[in-house]
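In this chain, residues are counted from 1 in sequence order. Note that the structure is a prediction, hence the values are computed from the model and not measured.
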Amino acid sequence: MTDLIIRDAVVITMAEAGVVRGDIAVTDGRIQHVGPVEDSAPIEIEAGGSIVMPGLVQAHTHLCQTIMRGLSDDVDVIQWLRSCVWPMEQAHTAESMAASCRLGIAELLLGGTTTVLSMESVHHTDASFEAAADLGIRAFIGKALMDREEPGTDMWGETTEDAVADILRLVDTWDGRENGRLRVALSPRCPRGTTPELWHLVVKIAEQRGLPLHTHVHENEQQSEMIGSLDEGRDIWALDSWGALNERMVMAHCVWPTEDEITRIAEAGAHICHCPSANLKLASGVAPVPTYLERGINVALGADGAACNNNLDGFQEMRLAALIHKPRHGADAMSAETVLELATMGGARALGMGDQIGSIEPGKLADLVLLRPSRAASAPTRPANPFSEIVYSRSAADVDTVLVGGAVVVRDGQLVTGDETEIVRNAEVELAGMLRRAGLSVP
């Protein structure tokens, strides 16, 4: 029996079918049919000719940092880590972590992101999983693994033994929960903040358990050059030597690669997550995404954390990803359709879920986003090219309804699975306590 039908939609399938005008039938959390549906269902949503698109997949965020939004602006990434983010992360309790993650997840769902890959801090990762379980997002979550000091940042987390024990506990506790909606990601914070010993163990666990790897690579030029002068060389070569540069690896940023490194990334089948807003705001630079795509490297999009963005709006990341490469690579370098591909199937492939999410096709999970009818900012509509409308004219504010695995989590622009007002209020309360514990004040 059909559980839910979306009626009369302009369906952006991101698949061979292209753009289809019709209905979407959902059964047991999966897409059953795209096209005319004569059946009825307990839940029927009238799209009225509005756009339905795959849920956005953000392949790099830090939900633990949402509560730090606006605390450290107009600095580079090293200053940002030293002066604010690392002291605040160390001040987290389980309660403040939960508040931060709930705030971030609410923003993501309300903005049409249905799947997220998030790297948290060293402790209290369970609180992030609990928030994701409660609010209904599809999430790959990992604790930040840091068993040696990251050069130039004074950041260090825990012993190798403690890190491994906590990884295994998190995998046993959370991986596959909520009918597979929650997965663990193995997340060394950066190549040089994790010992080779721990990297080898993490790679082995990833292979045994079928989990993604997630780290930061070449975000800041000065940092990349300084690390390149150390033993084991630059990050890509270090990762390669540890067996970590493979098809499970999702590398955030990759702003400053060499030509040889690009070639090796392509050979290894590793994935890159482009974070244009964060890279611009922290003055990190612009990743060579058109080059990556030309070389056959899979690229996803992510907002990074709200502490360095300062929002988690996937539509804004799409618009920026389409615009910032044009001056250097040409006006046709990043088409709207290409960018929407990065934001949906690119993220799905990075997470090893290309056969499950990222497009609207029978058999795939029903992670769907219904946009509101066009308003002044996006009208007139472009039936022949809805990709342009989505990438250049739409925003998170245009999201009307969101489904994750067939479950309605946003309806009429309102969060169904939680009280947005209470989530915001709780984050404000927890922030005050974190600032006191960290010895910081609001600027």
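Under the 4.5 Å side-chain criterion, counting only non-hydrogen atoms from C-beta, W256 is not in contact with Q222. I360 has its side chain out of reach of I12: every pair of non-hydrogen atoms, C-beta onward, lies at least 4.5 Å apart. Taking 4.5 Å as the limit, some side-chain heavy atom of L213 sits within range of a side-chain heavy atom of N246. Side-chain contact between V339 and L301: present, with at least one pair of heavy atoms (C-beta onward) separated by less than 4.5 Å.
For the side chain to side chain contact (heavy atoms under 4.5 Å, CB included) test, residues two or more places apart in sequence or in another chain that qualify with A270 are L245, M249, M251, I265. Partners of E16 according to the salt bridge (charged side-chain N to carboxylate O under 4.0 Å, His left out) rule, which considers only residues two or more places apart in sequence or in another chain, do not exist here. Under the side chain to side chain contact (heavy atoms under 4.5 Å, CB included) criterion, T421 pairs with D419, R425, sequence neighbours left out. Among residues two or more places apart in sequence or in another chain, the side-chain hydrogen bond (donor to acceptor under 3.5 Å, both in side chains) test is passed with H218 by S224, R234, E261. A144 is linked by a side chain to side chain contact (heavy atoms under 4.5 Å, CB included) to M119, M146, R189, counting only residues two or more places apart in sequence or in another chain. For R177, there are no salt bridge (charged side-chain N to carboxylate O under 4.0 Å, His left out) partners, not counting sequence neighbours. The side chain to side chain contact (heavy atoms under 4.5 Å, CB included) search around D134 returns R102, not counting sequence neighbours.
Annotation: ring pair (Phe, Tyr, Trp, His ring centres under 6.0 Å) contacts involving residues 283-338, sequence neighbours excluded, comprise H274-H325. Listed by first then second residue, pairs satisfying salt bridge (charged side-chain N to carboxylate O under 4.0 Å, His left out) with a partner in residues 38-55 read R7-E44, not counting sequence neighbours. The ring pair (Phe, Tyr, Trp, His ring centres under 6.0 Å) contacts involving residues 20-76 comprise H60-H62, H60-H214, H60-H216, H60-H253, H62-H216, where partners must be two or more places apart or lie in separate chains. Residue pairs meeting the side-chain hydrogen bond (donor to acceptor under 3.5 Å, both in side chains) criterion with at least one partner in residues 345-364, sequence neighbours excluded, are R30-Q356, N298-R349, E341-R349, S359-E361, S359-K364.
Side chains of Q65 and E89: a donor on one and an acceptor on the other come within 3.5 Å. The closest side-chain donor-acceptor pair between T66 and E107, if any, does not fall under 3.5 angstrom.
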Report, one line per pair, each donor and acceptor closer than 3.5 Å where one atom sits in a side chain of residues 398-412; sequence neighbours left out.
from, atom 1, to, atom 2, distance (Å)
D398, OD1, R375, NH2, 3.0
D398, OD2, S395, N, 2.9

